[in-house]
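A quick write-up on the structure given underneath.
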Amino acid sequence: MARVNANYDKLAAGYLFPEIARRTKAFIEANPGATVMRLGIGNTTEALTPAILDGLRQGVEKLADNSTYTGYGDEQGDSRLRQAIAGSYAERGAQIEAGEVFVSDGAKPDAANIQSIFSQDAVIAVQDPAYPVYVDSNVIAGRTGESRDGTYEGLVYMRCDESNGFFPHPPEQKADLIYLCSPNNPTGAVASKEQLKEFVDYARKNKAVIIFDAAYAEYISDKSLPRTIYEIEGAKECAIEINSFSKTAGFTGVRLGWTIVPKALLAEGAEAGKINSLWNRRQCTMFNGASNVVQEGGLAALSQKGRTESARLIEYYMGNARVIVDGLKSKGLTVYGGVNAPYVWLKTPNGMKSWDFFDKLLNECRVVGTPGSGFGPAGEGFFRLSAFGHRENIDKAVESIKVNLVL
Ligand code: MLT
């Protein structure tokens with residue numbers, strides 16, 4: 001008799017973004033003709049840049065001729081792209097080899113799948129609030145007990161709140177796998193080098209592994225802030241880094257990302273090289289490589305021209321973030337993030353619950369955002385607005401909040 005994976009029943013709610021989409025759809029059905037401004041999911045809206053389009057077109061053209069056609073590629077990614085990604089780390093003083101780069105179809109699957117190469121009894125620590133994938137993938141894998149009051153038994157929650165600038169210290173207890181995201185989704189907080197060093201020191205002392213999600217690294221404009229954990233000495237012994245072309249080059253729908261698994265990485269019972277070879281094994285079994293066309297686009301995105309163009313896109317979205325931050329502040333709201341990250345984290349007025357504020361913002365202003373509690377219990381009382389959107393929609397949304405939100 002087939003039985004389903006009962007761990008799915010432990011998941012506290014539907015995945016956050018489909019739930020928001022469901023509620024928004026219900027609102028539109030109940031209010032025919034209403035125009036809703038979506039600042040919920042962090043989804044890119046601006047067209048791909050010319051250099052990237054050229055790269056993608058070249059990728060298609062290669063498929064049009066038998067002499068340049070390719071079928072399956074290397075599961076780990078095109079060697080030219082692996083080399084280019086590795087090269088981009090050198091600029092930040094980090095030495096990464098192409099053999100440590102695993103190209104994928106995005107950061108989300110890697111963030112969800114990476115846990116599978118670690119032991120079933122690994123103790124998981126997450127920032128609270130956190131991108132839901134880190135928690136949910138470990139719940140599904142059976143590393144937690146039941147959910148109670150928004151927390152899962154067996155998980156270590158590292159609270160991120162106003163008192164610590166939304167970035168935690170390492171946990172008091174021993175954790176084996178530690179998920180960190182900086183610039184942070186959802187709070188927009190960015191860890192300093194000193195803060196990351198504290199985690200690297202903790203991980204080396206405890207033989208823990210840090211899973212560092214750097215998907216928003218290119219949004220950092222403050223040069224003193226680290227854009228990769230490998231800027232921290234010793235991080236190659238204890239950290240895996242996940243990154244993506246989604247938010248940097250507008251590949252949310254195109255799909256391309258990568259994970260760095262250093263050969264020097266150590267874990268209990270795993271000598272140098274072992275974890276790199278495990279991830280390689282996992283990818284060879286379960287992944288057939290990223291699309292060849294898309295990888296040509298990725299290469300173009302990493303060219304000088306591609307990077308200059310993408311920097312302009314990022315500046316555009318960060319202009320949106322400034323509009324949101326300034327507008328909310330002028331309304332008297334308490335606002336965090338939105339400076340080196342495309343997410344604005346606002347404190348709900350009068351201590352309102354996050355989902356109540358979601359309904360209020362939708363009803364009064366027709367603006368969709370993301371309830372902080374959807375990212376973990378410490379997100380309760382907060383609300384995320386995404387800076388991804390066309391400027392005119394962002395302007396309209398902020399104006400509507402200024403005029404219509406009743407405080
Ligand atoms: C978000 O809105 O948090 C992200 O866009 C979702 C994602 O990257 O999967």
Side-chain angles (χ1 to χ4, degrees), residues 11 13-24 36-46 104-115 126-138 140 160 166 179-190 211-219 241-259 290 294 313-314 316-318 320-321 324 336-338 340-346 354-355 358 361 367-376 378-379 382-390 393-394 397:
L11 292 171
Y15 189 65
L16 180 60
F17 298 107
E19 176 61 16
I20 290 170
R22 194 188 62 74
R23 290 191 186 214
T24 307
V36 162
M37 291 155 283
R38 296 168 197 270
L39 279 65
I41 190 162
N43 198 2
T44 49
T45 55
E46 303 310 297
S104 70
D105 59 355
K108 185 177 184 173
D110 286 357
N113 293 329
I114 197 77
Q115 48 75 28
V126 289
Q127 286 173 273
D128 176 19
Y131 181 45
V133 175
Y134 317 141
V135 171
D136 287 6
S137 58
N138 279 290
I140 291 167
C160 300
F166 299 97
Y179 290 79
L180 293 177
C181 176
S182 174
N184 190 262
N185 178 9
T187 66
V190 186
I211 314 289
F212 189 73
D213 184 344
Y216 300 94
E218 294 297 325
Y219 285 78
E241 183 165 297
I242 297 173
N243 210 320
S244 165
F245 288 87
S246 287
K247 310 297 159 75
T248 306
F251 276 37
T252 42
V254 178
R255 308 306 306 148
L256 193 66
W258 73 89
T259 287
V294 168
L313 264 188
I314 289 170
Y316 177 85
Y317 290 128
M318 288 312 294
N320 289 347
I324 300 170
Y336 300 96
N340 288 289
Y343 293 120
V344 177
W345 190 238
L346 72 105
S354 304
W355 276 110
F358 175 90
L361 202 64
V367 172
V368 176
T370 308
S373 58
F375 298 99
F382 287 88
F383 198 79
R384 192 192 79 174
L385 291 177
S386 155
F388 294 103
H390 301 309
N393 286 345
I394 301 285

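Atoms within a ligand are numbered from 1 in the order they appear, just like the ligands themselves. Just the heavy atoms: all of them, side chains too, but no hydrogens, waters or symmetry mates, feed the values below.
Residue Tyr343 is tested with Phe375, Phe382, Tyr216 for a ring pair (Phe, Tyr, Trp, His ring centres under 6.0 Å); the sole match is Tyr216.
Residue Thr248 comes nearest to Ala215 through the heavy atom pair OG1-O, 4.3 Å, listed as atom of the first residue, atom of the second, then distance.
Heavy-atom distances between Phe17 and ligand 1 reach below 4.0 Å in at least one pair.
Remark: the backbone N or O of Phe388 is not paired with any side-chain donor or acceptor of Asn320 at under 3.5 angstrom.
An N or O contact shorter than 3.5 Å is missing between Ile41 and ligand 1 by distance. For Tyr131, a nitrogen or oxygen atom sits less than 3.5 Å from a nitrogen or oxygen atom of ligand 1, counting backbone and side chain alike.
Only side-chain heavy atoms of Tyr343 come within less than 4.0 Å of ligand 1; its backbone N, CA, C and O stay farther off. Here Asn185 has side-chain heavy atoms under 4.0 Å from ligand 1, and that is the only part of it that gets that close.
The Gly42 neighbourhood of ligand 1 comprises atoms 1 (C), 2 (O), 5 (O), with distances under 4.0 Å to a heavy atom of that residue.
By the side chain to side chain donor-acceptor pair (under 3.5 Å) test, Asn43 is found to be paired with Thr252, residues two or more places apart in sequence or in another chain being considered. For the side chain to side chain donor-acceptor pair (under 3.5 Å) test, residues two or more places apart in sequence or in another chain that qualify with Ser104 are Asp110.
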